[in-house]
**Student:** 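Take this structure first; my questions come after.
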Amino acid sequence: MLSRVNAIETQELRKEYRGRAVVESLTLTVPPGEVFGFLGPNGAGKSTTVKMLLGLVHPSAGRVQVLGGSPHDPAVRERLGFLPEQFRFQTWMTAEEFLRFHGRLAGLKAAELRARIPQVLETVGLGGRGGENLGGYSKGMLQRAGLAGAILARPQLVFLDEPTSALDPIGRVEVREIIERLRGEGTAVFLNSHLLSEVEQVCDRVAFVKQGRVLRQGSMRELMGGVLPLDVRVDHLPPGLLDTLAGLGELRHTDTNTPGRTDVELWLDHEDTIPAVASAIHAAGARLYALKARRPDLETMFLDLIEDTPDSSARTARLGQGAARA
Amino acid sequence: MRNALLIAELSLREAIRKRLVSVLLLLTALFLGFYLYGIVRLEGTLDQRSLDAGLDGRSLNGASNLPVIYSAMFGMYLVYFLGSLMAVLSTVGAVSGDIENGVMQSVIARPISRAQLVLGRWLGFSAVNLGYVALLSAGLLGGVYAITGYLPPAPLAATGLILLSTLLLTALTVLGSTLFTTLANGIGVFVLYGVGFTGGILGSIGAFADTPTLTTLGRAANALMPTNALWLGASYHLQPAVALQISEASRGANPFFANAPIAAGLVVWAAVLAVLAVLAAMYRFSRRDL
């Protein structure tokens with residue numbers, strides 16, 4: 001893994017428009033084959049960054065490497081897929097013509113395309129609709145067609161800029177499945193999104209950006225300080241159980257207010273401790289109702305991080321923790 | 001080059017699918033039908049008059065046939081004008097249109113260089129525009145010949161110069177569409193076209209009034225925008241001796257027709273300018289943020 005070249009590497013990447021920095025000193029590393037979430041508030045420079053990574057926008061300063069080369073090199077772009085935030089395509093084409101055109105631009109052979117196009121249309125849920133004009137497509141269908149275009153040439157790295165903005169809940173689940181399938185095939189995905197729950201569910205790593213700077217990046221666990229919160233519900237607390245649990249992790253919270261039910265929140269250092277917690281509860285003679293490891297809560301992290309970072313336009317009013325969790 | 005041809009093919013298909021081609025064919029048929037009907041009537045009138053005058057027939061290149069000669073010339077002027085209009089209108093959004101409606105991003109993210117894209121757009125639109133002008137010219141001159149038996153002295157040379165003018169205008173419009181928005185580009189290229197026409201008018205007044213300054217101004221405008229000079233060159237090839245004599249007698253006091261062939265240098269310059277415009281468009285588009 002280490003010997004393989006990173007999917008994306010940027011150093012001190014900067015973009016100015018008329019003297020105003022949209023992206024300021026962005027340093028980012030995306031390992032190969034990972035699903036990478038790129039998060040930030042509106043106007044953080046997310047789309048501009050994606051465009052620089054694709055060679056659509058020329059950086060004012062800094063270094064960009066995509067799949068080990070420059071995005072301005074067509075040989076590098078041959079291995080990239082891209083779903084733009086503004087998914088607008090030639091409305092006079094049918095979806096099949098659109099995909100054939102893009103496939104030919106990507107260097108695919110005619111025979112290959114004949115097999116591949118129905119396949120990707122099926123994948124994005126447009127099976128059987130490929131003969132219709134894009135002009136008659138709904139927004140959601142257009143976004144699906146764009147997604148089909150992005151994965152058409154079996155890229156090594158796919159950029160998805162807000163890929164579910166026009167999709168209904170079913171479509172969102174399908175996109176998640178597509179992303180997971182891409183990961184399974186070893187394709188790296190750069191997911192630009194502000195839908196935190198979506199990012200939380202599929203991403204291996206995330207970076208938070210604000211005003212064109214990376215505030216923090218890493219795997220979800222790393223970002224949470226390596227802590228794994230565990231919710232435990234038992235019928236009662238036999239003597240000594242709390243002490244045993246405190247030995248396994250950090251005891252954060254105990255709730256015995258409801259008769260016949262006790263909730264305990266435990267912070268573990270490692271996933272492997274979870275079976276030991278279950279065993280300890282059984283050994284103490286308590287009945288176990290729930291044992292749930294909570295994934296790090298991205299929304300809380302996001303709000304804390306974005307609001308804790310002062311900026312020039314100083315939004316100083318800091319929301320309370322309760323409100324942030326709401 | 002493969003990618004450039006792919007884009008050219010796309011542009012052609014776009015022209016067909018957006019019904020540009022079918023509308024053009026229909027309007028061309030209407031224009032030619034209308035014009036040629038006029039010539040049929042004209043020919044009938046002239047024949048009748050020569051019969052009334054007790055003549056056996058008319059010489060095709062003689063003064064009695066001047067109405068037919070001038071209708072062929074003005075017809076070709078309309079071809080030049082319609083060709084120019086078409087070159088600008090069809091091509092005005094060749095690059096800017098795709099940027100403005102967001103289509104460009106997903107295309108440029110593919111392994112195609114931007115220079116290839118610009119070249120392909122120019123090739124595709126040139127094919128449409130040149131095809132249109134060639135069709136119109138052939139239809140008009142062929143129609144006149146079929147009706148009256150008259151053919152201008154050098155129809156191929158004349159059509160060639162008009163085609164070069166269309167090619168140049170297409171190239172300048174492609175360049176404009178990498179520099180400006182679609183609307184600004186359209187206005188800009190038409191103003192340039194106007195500059196060329198102004199050059200022709202100034203030059204002809206300068207020659208008529210024997211005023212060197214005006215002639216120089218006209219020449220400067222022709223160098224900046226040679227389309228009108230190319231038309232004037234074409235008009236020379238459309239005039240038989242009798243028409244040229246009239247032109248000379250009036251000392252060129254007619255901004256539509258010239259009584260001298262175009263300078264070879266200006267033809268070369270027009271071709272070079274077209275190539276330079278496409279190269280500039282490639283360069284400019286390669287450096288632009290999308």
Side-chain angles (χ1 to χ4, degrees), chain A residues 15-17 22 47-48 50-60 66 71-94 97-108 133-135 142 145-147 149-150 152-153 155 157-159 161, chain B residues 1-24 90 93-121 123-125 128 177-178 182 282-290:
Chain A
K15 181 65 191 177
E16 283 177 16
Y17 285 110
V22 179
S47 285
T48 305
V50 168
K51 287 182 187 175
M52 282 196 279
L53 293 172
L54 282 156
L56 294 172
V57 164
H58 301 262
S60 307
V66 177
H72 293 285
D73 178 5
V76 168
R77 289 208 302 276
E78 211 162 90
R79 295 176 283 148
L80 300 181
F82 174 41
L83 171 65
E85 185 186 15
Q86 311 271 330
F87 44 95
R88 306 252 171 75
F89 312 112
Q90 290 87 344
T91 44
W92 52 271
M93 285 183 171
T94 67
E97 284 173 323
F98 162 72
L99 292 173
R100 202 172 311 125
F101 169 60
H102 275 263
R104 284 172 71 191
L105 277 179
L108 295 185
N133 259 357
L134 291 180
L142 272 180
L147 188 59
L152 176 69
L157 169 61
V158 182
F159 291 90
D161 200 346
Chain B
M1 197 61 199
R2 194 187 64 85
N3 278 333
L5 289 178
L6 190 57
I7 296 292
E9 183 201 317
L10 174 90
S11 311
L12 278 176
R13 274 200 297 147
E14 184 176 357
I16 293 168
R17 292 286 284 280
K18 283 184 169 170
R19 302 198 200 291
L20 181 68
V21 170
S22 46
V23 167
L24 266 184
S90 73
V95 177
S96 59
D98 280 356
I99 297 175
E100 282 156 23
N101 65 25
V103 167
M104 196 56 91
Q105 283 187 16
S106 59
V107 175
I108 284 301
R110 294 290 176 195
I112 174 175
S113 77
R114 299 197 190 186
Q116 285 170 336
L117 184 127
V118 169
L119 182 66
R121 285 306 248 181
L123 286 175
F125 283 106
V128 173
S177 87
T178 64
T182 303
M282 288 169 157
Y283 175 84
R284 166 66 195 147
F285 188 54
S286 299
R287 264 145 202 82
R288 182 172 169 168
D289 285 336
L290 291 173

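Chain A is the first sequence line, chain B the second, and so forth, proteins listed ahead of strands; every chain is numbered from 1. In this text the structure is predicted, and so the values were computed from the model without any measurement. Computed from heavy atoms alone, side chains included, the values below leave out hydrogens, waters and symmetry copies.
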**Student:** So how far is it from A:R104 CZ to B:I7 CD1, rounded to the nearest 0.5 Å?
**Tutor:** 10.0 Å
**Student:** Does any heavy atom of chain A fall under 4.5 Å from the side chain of B:R2, the backbone, both, or neither of them?
**Tutor:**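 Only the side chain of B:R2 comes within 4.5 Å of chain A.
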**Student:** Quick check on A:L80 against chain B: is it the side chain, the backbone, both or neither that has a heavy atom closer than 4.5 Å?
**Tutor:** backbone
**Student:** Please find the pair of heavy atoms, one from B:R110 and one from A:R77, that lie closest to each other, and give the distance.
**Tutor:**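 Minimum heavy-atom separation between B:R110 and A:R77: O-NE, 2.9 Å.
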**Student:** Identify the heavy atoms of B:S106 and A:P84 that sit nearest to each other, and give their distance.
**Tutor:**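 Looking at all heavy atoms of both residues, the closest pair is CB-CG, 4.1 Å.
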**Student:** Report the C-alpha distance between B:L10 and A:M93 in whole Å, list the side-chain angles of each, state the deciding distance to 0.1 Å, and finish with yes or no for side-chain contact (heavy atoms from CB on, under 4.5 Å).
**Tutor:** CA-CA 10 Å; B:L10 174 90; A:M93 285 183 171; 3.0 Å; yes
**Student:** B:L290 and A:V57: which non-hydrogen atoms are nearest, and at how many Å?
**Tutor:**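 That would be O-CG2, 3.4 Å.
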**Student:** Please identify, among B:L6, B:N3, B:I108, the residue contributing the most non-hydrogen atom pairs under 4.5 Å to chain A.
**Tutor:** B:L6
**Student:** Of all heavy-atom pairs between A:L105 and B:P111, which one has the smallest distance, and what is that distance?
**Tutor:**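 Looks like O-CG, 3.4 Å.
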**Student:** Can you tell me which of A:L54, A:L56, A:D73 forms the most heavy-atom pairs within a distance under 4.5 Å of chain B?
**Tutor:**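 Highest number of heavy-atom pairs under 4.5 Å: A:L56.
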**Student:** Determine the minimum heavy-atom distance between A:F101 and B:V107, stating which atoms define it.
**Tutor:** CE2-CG2, 4.0 Å
**Student:** Can you tell me which of A:F87, A:F159, A:W92 forms the most heavy-atom pairs within a distance under 4.5 Å of chain B?
**Tutor:**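 Option with the top pair count is A:W92.
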**Student:** Could you name the residues of residues 17-24 of chain B that have a heavy atom within less than 4.5 Å of a heavy atom in chain A?
**Tutor:**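 Residues in range: B:R17, B:K18.
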**Student:** If I measure from the heavy atoms of chain A, does B:E9 come under 4.5 Å with its side chain, its backbone, both, or neither?
**Tutor:** side chain
**Student:** Please classify the contact of A:D161 with chain B as side chain, backbone, both or neither, using a heavy-atom distance under 4.5 Å.
**Tutor:**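 Contact with chain B: none, neither part.
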**Student:** Side chain, backbone, both or neither: which part of B:R288 has a heavy atom under 4.5 Å from chain A?
**Tutor:**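 Only the backbone of B:R288 comes within 4.5 Å of chain A.
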**Student:** Please report the C-alpha distance between A:V50 and B:Q105 in whole Å, then the side-chain angles of each, then the deciding distance to 0.1 Å, and finally whether the side-chain contact (heavy atoms from CB on, under 4.5 Å) criterion is met.
**Tutor:** CA-CA 11 Å; A:V50 168; B:Q105 283 187 16; over 6 Å; no
**Student:** Please name the pair of heavy atoms, one in A:F89 and one in B:V103, separated by the smallest distance, quoted to 0.1 Å.
**Tutor:**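 Looking at all heavy atoms of both residues, the closest pair is C-CG2, 3.7 Å.
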**Student:** For the interface with chain B, which of A:H72, A:M52, A:Q90, A:R79 has the highest count of heavy-atom pairs at distances below 4.5 Å?
**Tutor:**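 Result: the option with the highest number of such pairs is A:Q90.
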**Student:** In terms of heavy-atom proximity below 4.5 Å to chain B, should A:Y17 be classed as side chain, backbone, both, or neither?
**Tutor:**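 Contact with chain B is through the side chain of A:Y17 alone.
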